[in-house]
Amino acid sequence: MKIIISNSSPDPIYEQVGKQIKAQVLSGELKEGDALPSIRALAKELQISVITTKRAYDELIKEGFVDSVGGKGCFIAMQNKELLKEKRMKTIEEKLGVAVNDAQKLGIPLGDLKEMLDLLYREESE
Amino acid sequence: MANVLEIKKLRKTYPGFMLKDISFSLPEGYVMGLIGPNGAGKTSIIKLIMNLIHSDGGEISIFGMHHGKDSVAIKERIGFVYDNPSWYTHLTLKQIKNLIAPFYRSWDESRFQELITTFGLPLKKRLSTFSRGMVMKSAIAIALSHHADFIVMDEPTSGLDPVFRRELLDLFYEILQSEKKSILFSTHITSDLEKIADFITFILEGTLIFTDTKDNVTENYAIIKGGLSLVDNLTEGLFKGMRKTAFGFEALTDNVKEVKKRYGRDVVVDSASLEDIMYFSKLRSSDDTAH
C-alpha cells in the first residue's frame with residue numbers, strides 16, 4: 001500500500017488518505033480481504049493524528065470499500081464491480097458537469113466543447 | 001469513550017490575570033495541544049491540573065477521579081514535564097533520578113537507561129552544566145520512565161532543536177500505539193507537535209477561544225486576502241482580526257464556507273496555520289481593548 005500526504009494540498013488529510021486507498025482498490029492493487037494497517041500504526045507511519053486516520057477509515061467503511069472486523073482490524077471489502085463502475089461514471093459525470101457549466105458561462109457552443117473533448121480524448125489515448 | 005481529563009468551569013484569579021470558566025475534556029487514547037501566546041494561561045491550567053496551585057472555582061477530574069482528593073493515585077499514573085524543572089542544579093542526573101524514582105511504584109529503570117542513552121545525556125555531570133535542551137530531555141526521560149497512562153507536558157519543546165523535536169514525536173507515536181495512553185501538552189511553537197494532536201484547545205488572555213478536533217479547526221479556519229475596496233463591505237462577525245496594508249487586507253475567519261459563498265472569487269482563501277490563528281486572534285483582542 002502506498003500513501004503520500006501532501007501538506008500543501010487543499011484536500012483535508014483524511015480525504016487524501018481515503019482517496020489513495022480507494023484508487024488502489026479501483027486499480028486492483030488492493031484486493032478483497034487485504035488487511036489495512038491499524039489506525040494507530042497508520043497514524044504513526046504517516047505522522048498524522050489518530051482522529052484523522054480514524055475519520056479516513058470511517059468514511060471508507062461508510063462507502064463500502066472497507067469492512068471493520070471487531071477486534072481484528074480493517075479489511076478491503078468485497079467489491080461489486082458493477083457498482084464500482086457506476087460510481088466512477090458518476091464522478092466523471094460530475095466533472096464534465098463542471099466543464100459544461102464553465103463553457104456555458106463563457107458562451108462556448110456545444111460543438112466547440114465536443115471538439116475539445118475529442119481532442120483531449122485522443123491526446124490522452126496516444 | 002471515557003475521558004482521561006475533564007475540566008469544568010475552572011477559575012483562577014491573580015492580580016491582573018484571570019482564568020475565566022475554562023471547560024474542556026480529552027478522551028482517553030488521544031492527544032491534545034493546549035495553545036496560546038505567552039501569558040495566555042496555559043501554565044496556570046497545567047499547574048491546576050497537577051494540583052500544584054489551588055483554583056478559585058470549577059472542577060477537574062483525571063481518570064474519572066477528583067484531582068485533589070485522589071491526587072496521589074492520579075500522579076502515580078501521570079508523567080509530568082514542567083516547563084522549567086526546579087531541580088537542584090548541583091546534583092547530577094543520576095542523583096535526581098534517585099530522588100524521583102522511589103515515588104513511582106512502576107518505575108522502570110531499564111526504560112530510563114534506554115531513554116538516557118537515546119537522548120545522549122550524561123548521568124554523572126552536574127545539572128548546572130546542562131544546556132536548556134538537555135534539562136528538557138532529562139525531564140522528558142524521567143516522565144516517560146514509569147509507564148504513565150497520561151503524559152502532561154508544559155512547553156516540552158522549548159529549547160529543543162528541530163531534529164530532537166522530530167525524534168520526540170516518534171517516541172510519542174510509539175506510546176500512542178496503546179489506546180489507553182493520552183497526552184496533553186502546551187505550546188506556543190506549534191509546528192512540530194501539531195502533527196500528532198487530535199484536539200486543539202486555544203486559550204487567549206485567560207479565555208477559552210475554542211476546543212475542537214484539529215481537523216475541524218483546519219477545516220473551518222482560513223486566512224482571507226483581498227483588495228482594500230472590499231474592507232468596508234465585509235460582514236461583521238465573519239472575520240476575526242484583520243491586518244491592512246497599502247495593497248490589501250488579510251483576515252482570519254472561522255467560517256470559511258460562508259466566506260466562499262459570499263465573496264467567491266473576490267478573495268483569496270489560504271489555509272490558516274495554528275500560528276496564524278493565534279496571531280490574528282491576538283490582533284483582535286488588542287483591538288477590543290483599544291476601543
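Here the structure is a predicted model, which means the values were calculated and not measured. Computation of the quantities below employed the complete heavy-atom set of this structure, encompassing side-chain atoms and omitting hydrogens, waters and symmetry-equivalent molecules.
The closest side-chain heavy-atom distance from A:M1 to A:L36 is below 4.5 Å. Between B:N255 and B:L238 there is a side-chain heavy-atom pair separated by less than 4.5 Å.
Aromatic pair B:F164/B:F119: centroids less than 6.0 angstrom apart. You'll find the ring centres of B:Y221 and B:F210 inside the 6.0 Å limit.
Aromatic ring pairs are classed by plane angle as parallel below 30°, tilted from 30° to 60° and perpendicular above 60°; the pair B:F150 and B:F63 is perpendicular.
B:F172 does not touch chain A: none of its heavy atoms, backbone or side chain, sits under 4.5 Å away. B:E219 touches chain A through its side chain: at least one heavy atom from C-beta onward sits under 4.5 Å away, while N, CA, C and O do not. Looking at B:S271, there are no atoms closer than 4.5 Å to chain A (heavy atoms on both sides), in backbone or side chain. With a threshold of 4.5 angstrom between heavy atoms, B:L176 approaches chain A through its backbone and through its side chain.
Between B:D149 and B:K180 there is no salt bridge, since no side-chain nitrogen of the basic residue lies less than 4.0 Å from a carboxylate oxygen of the acidic one. In this structure, B:D270 pairs ionically with B:K225, as a charged nitrogen and a carboxylate oxygen lie closer than 4.0 Å. Using a 4.0 Å cut-off between charged nitrogen and carboxylate oxygen, B:E194 and B:K214 do not count as a salt-bridge pair. One finds no salt bridge joining B:D154 and B:K42 here, because no Lys/Arg side-chain nitrogen approaches an Asp/Glu carboxylate oxygen to under 4.0 Å.
One side chain, B:N216 or B:D212, offers a donor N or O that lies under 3.5 Å from an acceptor on the other. Remark: the B:D108 side chain and the B:S106 side chain contain no N/O donor-acceptor pair separated by less than 3.5 Å.
Within residues 89-124 of chain A, no residue has any heavy atom under 4.5 Å from a heavy atom of chain B. Along residues 4-24 of chain A, the residues that come nearer than 4.5 angstrom to chain B, judged on non-hydrogen atoms, are A:P12, A:Y14 in order of number.
Checking side-chain atoms of B:T207 against main-chain N and O of B:I203 turns up no donor-acceptor pair under 3.5 Å.
When the candidates B:L169, B:D170, B:D198 are compared by the number of heavy-atom contacts under 4.5 Å with chain A, B:D198 comes out ahead.
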